[in-house]
Amino acid sequence: MKKAILLVSFGTSVEEARQRQILPLEKAVRRAYEPKAVVCSAYTSPTIRGILARRGISIPSPEEALTSLAQSGVTHLLVQPTHLIPGQEYEGLRALCSAWAGRFRQLTLGLPLISSPEDMTALAKILSRAFPTVPGQAVLFAGHGTAHFANAAYPAMETAFRILGREDVFIAAIEGWPTLEDAARRLQKHECKAVLLVPLMLVAGDHAQNDIAGEDPESWKSVLTARGFQTKCWLSGLGEMPEIHRIYLSHIENADRDAAKGGIS
């Protein structure tokens with residue numbers, strides 16, 4: 001029996017963010033599972049892989065990684081996405097794993113970061129500690145967003161903060177709902193003077209640096225500043241936080257435990 005864990009990320013073209021927010025999660029998984037299992041990684045974005053290749057950094061696609069693992073004799077494979085929600089990227093990965101299931105004795109797919117009410121509660125507690133209440137200031141978390149129904153995780157996460165008593169925390173999505181406009185209206189009703197913008201993303205890459213904190217008039221910082229808020233930006237992704245690593249590790253542990261049932265979990 002030869003076991004492996006494949007970590008699948010979207011990837012990022014911002015090398016500092018990759019070094020600070022993707023690689024530490026990969027190292028945490030290696031510390032937990034090597035040498036009992038081979039730990040490797042893949043990026044889903046062809047654009048990101050192409051950019052990195054031109055810099056001399058070779059990261060395989062999930063298909064390429066699966067091919068390599070099968071050829072190397074891996075019999076038991078656990079694929080763990082680093083995605084935040086089970087949206088379109090996760091559905092694509094699930095379909096890929098289903099297509100490849102026959103190439104391994106056992107192939108198991110882990111769950112994204114936010115996959116249950118328990119995940120939401122755990123994440124809300126972690127972020128509440130990281131960003132405590134400051135009088136006169138609200139915290140606006142910026143998720144990526146998706147057209148997939150899994151986008152409902154964002155307003156559900158805001159509810160998780162409310163249950164913890166955090167009336168000063170709001171969540172919106174760059175490419176989904178609630179929108180920045182929705183958040184801006186609620187911030188004005190909250191009557192805060194300052195807003196701290198925080199990426200609700202594994203990686204604070206291009207979206208964080210441009211869509212959220214950029215100088216363009218349409219960036220979140222510019223829009224909120226134009227509305228009279230004192231706007232500050234936090235440009236670190238969730239991948240820098242060991243507490244977040246522990247949630248992913250718990251998902252790997254749960255998937256590994258359930259793998260005895262066989263097939264795609």
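Heads up: numbering here begins at 1 and tracks the sequence.
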- Do Asp168 and Gln137 come close enough that some side-chain heavy atom pair is under 4.5 Å? no
- OG (Ser219) and CG (Leu197) are apart, to the nearest 0.5 Å, by 8.5 Å
- Item | Pairing of Arg18 and Glu15 as salt bridge, 4.0 angstrom limit | yes
- Donor-acceptor contact present, side-chain Asn210 to main-chain Asp206, <3.5 Å: yes
- Query: Is there a side-chain contact between Leu200 and Tyr154, using heavy atoms and a 4.5 Å cut-off?
  - Reply: yes
- Decide whether Leu96 and Leu69 are clustered together by the hydrophobic rule: side chain heavy atoms of Ile, Leu, Val, Met, Phe, Trp, Tyr closer than 4.5 Å, transitively. yes
- Item | Thr133 vs Val139, side-chain contact (heavy atoms from CB on, under 4.5 Å): CA-CA, chis, key distance, verdict | CA-CA 8 Å; Thr133 299; Val139 179; over 6 Å; no
- Item | Same apolar cluster: Ile171 and Met201, side chain cutoff 4.5 Å | no
- Which pairs pass salt bridge (Lys or Arg N to Asp or Glu O under 4.0 Å) with one or both residues in residues 214-226, sequence neighbours excluded? Glu215-Lys221
Taking distance alone, no hydrogens or angles, what donor-acceptor pairs closer than 3.5 Å link side-chain atoms of residues 172-180 to residues at least two apart or in another chain?
| from | atom 1 | to | atom 2 | distance (Å) |
| --- | --- | --- | --- | --- |
| Thr179 | OG1 | Glu181 | N | 3.4 |
| Thr179 | OG1 | Asp182 | N | 3.1 |
| Thr179 | OG1 | Asp182 | OD2 | 3.1 |

- Is the Trp234 ring parallel, tilted or perpendicular to the Phe131 ring (thresholds 30°, 60°)? perpendicular
- Indicate, with yes or no, if Val79 and Ile252 share a hydrophobic cluster defined by side-chain heavy-atom contacts under 4.5 Å among Ile, Leu, Val, Met, Phe, Trp and Tyr. no
- Item | Test item: Ile5 and Val38 side chains (from C-beta on) under 4.5 Å apart, heavy atoms | no
- If you take all heavy atoms of Ala204 and Ser236, which pair is closest and at what distance? CB-C, 3.6 Å
- Message: Could you walk me through whether Phe161 and Phe141 satisfy the ring pair (Phe, Tyr, Trp, His ring centres under 6.0 Å) test, starting with their C-alpha distance in whole Å, then the side-chain angles of each, then the deciding distance to 0.1 Å, before giving a yes or no?
- Response: CA-CA 11 Å; Phe161 280 106; Phe141 287 101; 5.5 Å; yes
- Message: Just to verify, which of Ile247, Ile126, Thr82, Leu127 counts as forming a side chain to side chain contact (heavy atoms under 4.5 Å, CB included) with Leu238?
- Response: Leu127
- For Ile163, which fellow cluster members are found when Ile, Leu, Val, Met, Phe, Trp and Tyr are connected by side-chain heavy-atom distances below 4.5 angstrom, either directly or through intermediates? none
- Task: Taking Arg105 for its side chain and Val74 for its backbone only, find out whether a donor-acceptor pair lies under 3.5 Å.
- Result: no
- Message: Go through it in stages, so that I can follow the logic: the residues are His190 and Phe170, the test is ring pair (Phe, Tyr, Trp, His ring centres under 6.0 Å), and I'd like the CA-CA distance, side-chain angles, deciding distance and then a yes or no.
- Response: CA-CA 10 Å; His190 187 64; Phe170 301 85; 5.5 Å; yes
- Task: Starting at CD of Gln21, measure out to CD of Glu240 and round the result to the nearest 0.5 Å.
- Result: 4.5 Å
- Message: So Arg246 and Pro242, do their side chains get closer than 4.5 Å, heavy atoms only?
- Response: yes
- Message: Applying side-chain contact (heavy atoms from CB on, under 4.5 Å) to Thr44 and Val8, what does each step give before you reach the verdict?
- Response: CA-CA 7 Å; Thr44 59; Val8 178; 3.4 Å; yes
- Query: Using 30° and 60° as the class limits, which term best fits the ring planes of His251 and Tyr248: parallel, tilted or perpendicular?
  - Reply: perpendicular
- Message: Can you give me the closest heavy-atom contact between Thr108 and Ala255, atom names plus distance?
- Response: CG2-O, 3.5 Å
- Query: What pair of heavy atoms forms the shortest contact from Pro86 to Ile114, and how long is it?
  - Reply: CD-O, 3.4 Å
- Arg49 charged N/C atom sitting above Phe10 aromatic ring, 6.0 Å / 45°: no
- Query: Is any side-chain heavy atom of Leu235 closer than 4.5 Å to a side-chain heavy atom of Ile212?
  - Reply: no
- Message: Just so I know, are the side chains of His76 and Lys2 near enough to count as touching, which here means a heavy-atom distance under 4.5 Å?
- Response: no
- Any chance you could measure Leu25, atom CG, to Leu202, atom CG, to the nearest 0.5 Å? 6.0 Å
- Message: Is there a path of hydrophobic side-chain contacts, each under 4.5 Å between heavy atoms, that joins Leu84 and Val203?
- Response: yes
- Task: Please lay out, stage by stage, how Leu196 and Val198 fare under the test side-chain contact (heavy atoms from CB on, under 4.5 Å).
- Result: CA-CA 6 Å; Leu196 177 63; Val198 181; 3.9 Å; yes
- Message: Please enumerate all residues that pass ring-ring contact (aromatic ring centres under 6.0 Å, His included) together with His83, with sequence neighbours excluded.
- Response: none
- Item | From Ile85 atom CD1 to Thr146 atom OG1, the distance as rounded to the nearest 0.5 Å | 6.0 Å
- Message: I need the minimum non-hydrogen distance between Ser41 and Pro60, along with the two atoms involved.
- Response: O-CG, 3.4 Å
- Message: For Glu34, give me all partners under side chain to side chain donor-acceptor pair (under 3.5 Å), at least two apart in sequence or on another chain.
- Response: none
- Message: Please tell me whether Val29 and Leu66 are part of a single hydrophobic cluster in this structure, the criterion being side-chain heavy atoms less than 4.5 Å apart.
- Response: no
- Looking only at heavy atoms, which two atoms of Ala65 and Leu6 are closest? And how far apart? CB-CD1, 3.7 Å
- Task: Quick one: which residue pairs count as a salt bridge (Lys or Arg N to Asp or Glu O under 4.0 Å) with a foot in residues 115-127, not counting sequence neighbours?
- Result: none
- Shortest non-hydrogen pair, Ile22 vs Gly11, comes out as CD1-CA, 4.1 Å
- Query: Does Glu63 offer a backbone N or O that forms a donor-acceptor pair with the side chain of Thr67 under 3.5 Å?
  - Reply: yes
- Message: Is the shortest side-chain heavy-atom distance between Ile244 and Leu123 below 4.5 Å?
- Response: yes
- Item | Within-4.5 Å side-chain heavy-atom neighbours: His207 and His144 | yes
- Query: How long is the span from the CD atom in Glu253 to the CZ atom in Arg257, to the nearest 0.5 Å?
  - Reply: 6.5 Å
- Query: Got a second to check how far Cys40's SG is from Glu26's CD, nearest 0.5 Å?
  - Reply: 9.5 Å
- Check the pair Lys3 / Tyr33 against side-chain contact (heavy atoms from CB on, under 4.5 Å), numbers first and verdict last. CA-CA 10 Å; Lys3 300 181 69 174; Tyr33 285 94; over 6 Å; no
